[in-house]
Peer 1: 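Below you'll find the structure I mean.
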Amino acid sequence: MLTALAVMSSGLTAGAADAAASGASGTAFAPAISCPSVADRLGQVPARAQAEVERNLQQLESQIAEANRRLASSAGQGGPNFVQNAILGPLRDKRTATLQRIQIAFQRAGAQAPTGLQGLAACAAQDDETGNNNGDQGNGDQNDGNQSDGGQNNGDQNNGDQGNGDQNNGGAAGQISCPDVADRLGQVPARAQAEVERNLQQLESQIAEANRRLASSAGQGGPNFVQNAILGPLRDKRTATLQRIQIAFQRAGAQAPASLRTLATCDLRNGNPGNGNGNNGNNGGGENNGDGGDGENNGNNGNNGNNGNNGNNGNGGGQARGPVPADFVDIRSVQPNVRTPRTQQDGSGGTFSVDCGRNEKRIFNSDNVIVAPGVSNGAQHTHDYVGNESTNNQSTNESLLAASTTCRNGDKSTHYWPVLRALGQEEFDANQRGGGLDLNVGKILTPVSVQITFKGNPTSKVVAAPQFLRIITGNARVGGAEPNAGWTCTGFENRQLTDKYPLCPRGSKLVRVFDFQSCWDGQNVDSANHRTHVTFPQADGSCPQGFQPIPALEHRLVYNVPQGPNFAVDTFPEELHKPVTDHSDFINLMNEQQMGRVVDCINSGRRCR
C-alpha cells in the first residue's frame with residue numbers, strides 16, 4: 001500500500017509521526033498538537049487517485065510536524081491568543097486546502113469524494129510540557145480561553161529608513177518579499193512536473209499565509225517578532241519545500257537545480273499605510289522618497305506617517321512604492337517595433353472572436369486559481385473577470401463547468417487579468433486584502449472594450465486546444481520569465497512597450513495587449529511552473545519541435561485613463577506597480593463542439609464571431 005496510507009492505517013498516530021520527524025531533525029520534544037485522522041476516513045482510494053492522495057496525506061503529516069516545531073520554538077512568548085492565531089489558525093487553513101485537494105483527486109478519478117473531510121481541518125493544542133501551556137488540560141478538556149502560550153511580539157519595522165533597526169508597534173505590517181523559484185528551475189522533467197507544481201503552489205501558499213499573519217498581527221509586540229514568528233518559520237517551510245523540488249528532479253533522473261536552498265530566505269518590505277510612528281525614519285529613503293506617501297518612507301521625516309498623503313490620495317498612506325515617473329513614456333517617442341510573420345500557403349489565417357463583455361458586472365477577487373488554488377488572496381492584487389462568473393480560489397473543473405458565463409456564445413472559459421486603477425481616487429477595496437491592505441489603491445477602471453480573439457498560425461493549420469487547458473501570459477514578477485504583455489495606445493499599435501506605461505496623446509486611448517502561448521506539447525493541460533506545457537512560436541511563426549499549434553488567444557483591452565502618470569496596474573506589493581508585471585490568465589472550458597467551430601473557422605481562413 002502507499003507509504004502515507006500504510007503509516008496511518010498501521011496505527012501510527014499523527015503525534016508519533018511528528019515525533020519521528022522531529023527526531024530526524026535533531027529536536028526532541030513531545031508533540032502537542034492533535035489533529036483528526038484523515039486516512040481512516042477515506043475508505044477505498046481509487047487507483048487513479050492514489051498517488052495524489054498519498055502526497056496530500058504526507059503533506060498533512062508535514063503540516064502537523066511543522067506546527068509542533070513552531071509550538072516548541074515559541075515557548076515563553078506572550079499573549080493569550082498566540083497559539084490560536086500563529087499556529088492553529090494557519091494550520092487549519094493549510095489543512096483545509098490539502099483536504100480539498102484530496103476531494104478533487106477522488107472526483108477526477110470519477111469516484112464519490114469522501115464526505116465530511118472539511119470537518120477534519122481544525123486541530124487542538126494540548127499541554128506538551130515544553131512551557132507553552134497551550135490550553136489548560138488538567139481535566140482532560142481543552143480550555144479555549146486559557147492559552148498562555150506566549151504572545152505575538154509583532155513589531156513593525158521602522159516606517160522610515162529600514163536600516164535604522166528601530167521597530168515600532170503602531171504601524172501596519174508591510175509585505176513579505178521572497179525570491180522567485182519557478183524561473184530558476186529551467187526545464188522540468190515530465191516525471192517531476194506534478195510534484196514540482198504542487199510544491200510551487202505550496203511556496204505561494206506559504207507567502208500568502210505569512211502576509212496574512214503579518215497583517216493580522218500589526219501593532220503587537222517586540223522588536224524581534226517579525227523575524228522570529230513569521231520570517232524564520234517561513235524560511236524553514238520554504239527550505240523543506242525547496243528540498244522536495246530537488247528530490248522530485250532527482251527521482252526523475254535529472255540534475256536538480258543548483259542553489260535552490262539559497263532561495264529560502266525572505267525579507268520584509270515595509271509598506272506602512274501611514275499610521276505608525278517611524279521613530280528613526282529620517283527621510284525614509286523609499287522608492288518615491290516621500291513623494292506621494294509611498295509607504296516605504298511614510299512622509300518626509302519618518303516621524304509622522306500621516307504626512308505621507310501628498311500624492312495619489314493614498315487611502316491611509318498612499319499609493320505604496322510606485323509607480324514612479326520613470327515608469328512612463330510618451331508613446332510618440334517609441335519607434336515602431338511590432339512585427340507579424342506573414343501567413344504562408346499552408347498557414348491558417350482565420351480569426352474567431354468571442355464577446356464576453358467588459359466586466360460590467362464588476363466581478364473581482366484577489367485569488368488566482370491557477371497558481372494558488374485553495375488560497376484566499378493568493379494573488380495579493382485584484383483581478384478583473386470575464387467569461388466564467390464563478391472563478392475563485394476554490395474553483396474546480398467541475399464547478400467551472402456548472403457556472404454561468406458572460407460570453408454570448410455560451411463559452412464558459414475564464415479570462416482574468418489585474419485591474420487597472422486611476423490613482424488619487426478611492427475604491428471599495430481600499431481597506432481590503434488585494435486592495436489597499438496589499439498596497440493597491442485607486443479607482444478600478446472598467447475597460448472601454450475587451451476583445452477576445454483566437455487567431456491562426458502563419459505556417460500550418462491549428463489543432464484543437466484541450467478542455468481545461470491553463471495558460472498564463474506575461475509574468476507577475478519583475479525579472480520573471482516571458483514578460484511579454486504589451487502596452488500601447490490606439491493609433492500607435494505598431495509600437496508596444498513591456499517595461500513602461502505609455503502616455504497617450506489626447507484623443508488616443510490606452511491599450512493592453514496579451515498574446516498567449518499558442519504552441520502546445522500535445523499532452524498536458526498545465527505544468528509545474530504553468531509555462532512549460534505551452535510555448536510561443538518561433539520567429540517565423542512555426543512551433544518548436546515537440547509542440548503543435550493551437551488557436552492563438554489574444555486579449556485586447558482599451559481604457560480611458562487620466563492624463564499624465566496617474567494610473568497603474570495592480571501588482572504584488574513588492575513589485576512596485578511596474579508595468580512589466582502585467583499578465584493575463586486563461587482556462588479553456590470550451591466543449592468539443594465549441595472548440596471545433598473555432599478550429600474550423602481559423603483553418604478555413606474566415607472571420608467568425
Peer 1: Using side-chain heavy atoms (C-beta onward) and a distance below 4.5 Å, is N397 in contact with Q107?
Peer 2: no
Peer 1: Whether the side chain of E575 engages the backbone of V478 through a donor-acceptor N/O pair (distance < 3.5 Å, no angle test) should be reported.
Peer 2: yes
Peer 1: Hey, are N365 and Y385 close enough side-chain-wise for a donor-acceptor pair under 3.5 Å?
Peer 2: yes
Peer 1: With sequence neighbours left out, what residues match N199 under side chain to side chain donor-acceptor pair (under 3.5 Å)?
Peer 2: E195, R244
Peer 1: Whether the Q63 and T98 side chains hold a donor-acceptor pair (N or O, under 3.5 Å, no angle test) is what I'd like checked.
Peer 2: yes
Peer 1: What is the minimum heavy-atom distance between A105 and V53, and which atoms define it?
Peer 2: CB-CG2, 4.2 Å
Peer 1: Please check if the side chain of Q467 supplies one atom and the backbone of L589 the other of a donor-acceptor pair under 3.5 Å.
Peer 2: yes
Peer 1: Which is it for Q243 and T239 under the side chain to side chain contact (heavy atoms under 4.5 Å, CB included) test, yes or no, and what are the steps along the way?
Peer 2: CA-CA 6 Å; Q243 186 177 33; T239 297; 5.7 Å; no
Peer 1: Which value, rounded to the nearest 0.5 Å, describes the distance between H415 atom NE2 and T391 atom OG1?
Peer 2: 9.5 Å
Peer 1: N440 side chain to T571 main-chain N or O, any donor-acceptor pair under 3.5 Å?
Peer 2: yes
Peer 1: Heavy-atom distance under 4.5 Å between the side chains of D236 and E66, does that happen here?
Peer 2: no
Peer 1: First locate atom CG of N388, then atom OG of S399, and finally report the distance between them rounded to the nearest 0.5 Å.
Peer 2: 7.5 Å
Peer 1: I need the L242 CG to Q202 CD distance, nearest 0.5 Å.
Peer 2: 11.5 Å
Peer 1: So which heavy atom on H583 is nearest to which on W417, and how close?
Peer 2: O-CB, 3.6 Å
Peer 1: Does any part of the side chain of L260, heavy atoms only, come nearer than 4.5 Å to the side chain of L185, both counted from C-beta?
Peer 2: yes
Peer 1: Does any N or O in the side chain of S34 come within less than 3.5 Å of the main-chain N or O of A125, such that one atom is a donor and the other an acceptor?
Peer 2: no
Peer 1: Any side-chain donor paired with an acceptor under 3.5 Å for Q50 and E54?
Peer 2: no
Peer 1: I want to check something: taking the side chain as every heavy atom from C-beta on, are H383 and P418 in contact at a cut-off of under 4.5 Å?
Peer 2: yes
Peer 1: Specify the closest pair of heavy atoms between L439 and P573, including all atoms of both residues, with the distance to one decimal.
Peer 2: CD1-CB, 4.0 Å
Peer 1: I370 and I472: which non-hydrogen atoms are nearest, and at how many Å?
Peer 2: CG2-CD1, 3.8 Å
Peer 1: Looking only at the side chains, is there a donor atom on one of S37 and D40 sitting less than 3.5 Å from an acceptor on the other?
Peer 2: yes
Peer 1: Between I587 and V369, is any pair of side-chain heavy atoms under 4.5 Å apart?
Peer 2: yes
Peer 1: Compare every heavy atom of S366 with every heavy atom of N377, then report the nearest pair and how far apart it is.
Peer 2: OD1-OG, 2.6 Å
Peer 1: CG of L437 to CD of Q380: how many Å apart, nearest 0.5 Å?
Peer 2: 11.0 Å
Peer 1: Nearest 0.5 Å, what's the SG-CG distance between C178 and D267?
Peer 2: 7.5 Å
Peer 1: If you compare all heavy atoms of I176 against all heavy atoms of N211, which two are closest, and at what distance to 0.1 Å?
Peer 2: N-OD1, 2.9 Å
Peer 1: Heavy atoms, side chains only, cut-off 4.5 Å: are D585 and N368 in contact?
Peer 2: yes
Peer 1: Just by distance, do the side chain of D570 and the backbone of T382 share a donor-acceptor pair under 3.5 Å?
Peer 2: yes
Peer 1: Got a donor-acceptor contact below 3.5 angstrom from the D367 side chain to the S376 backbone?
Peer 2: no
Peer 1: According to side-chain contact (heavy atoms from CB on, under 4.5 Å), who are the partners of Q517, at least two apart in sequence or on a separate chain?
Peer 2: I471, T473, E482, R531, V534, F536
Peer 1: Using side chain to side chain contact (heavy atoms under 4.5 Å, CB included), reason through I245 and L200 one step at a time and then give a plain yes or no.
Peer 2: CA-CA 8 Å; I245 291 176; L200 287 173; 4.2 Å; yes
Peer 1: What's the separation between atom CG in N392 and atom CG in L400, rounded to the nearest 0.5 Å?
Peer 2: 8.5 Å
Peer 1: Does the side chain of H381 reach to within under 4.5 Å of the side chain of F572, using non-hydrogen atoms?
Peer 2: yes
Peer 1: Less than 4.5 Å apart, any side-chain heavy atom of P36 and any of R95?
Peer 2: yes
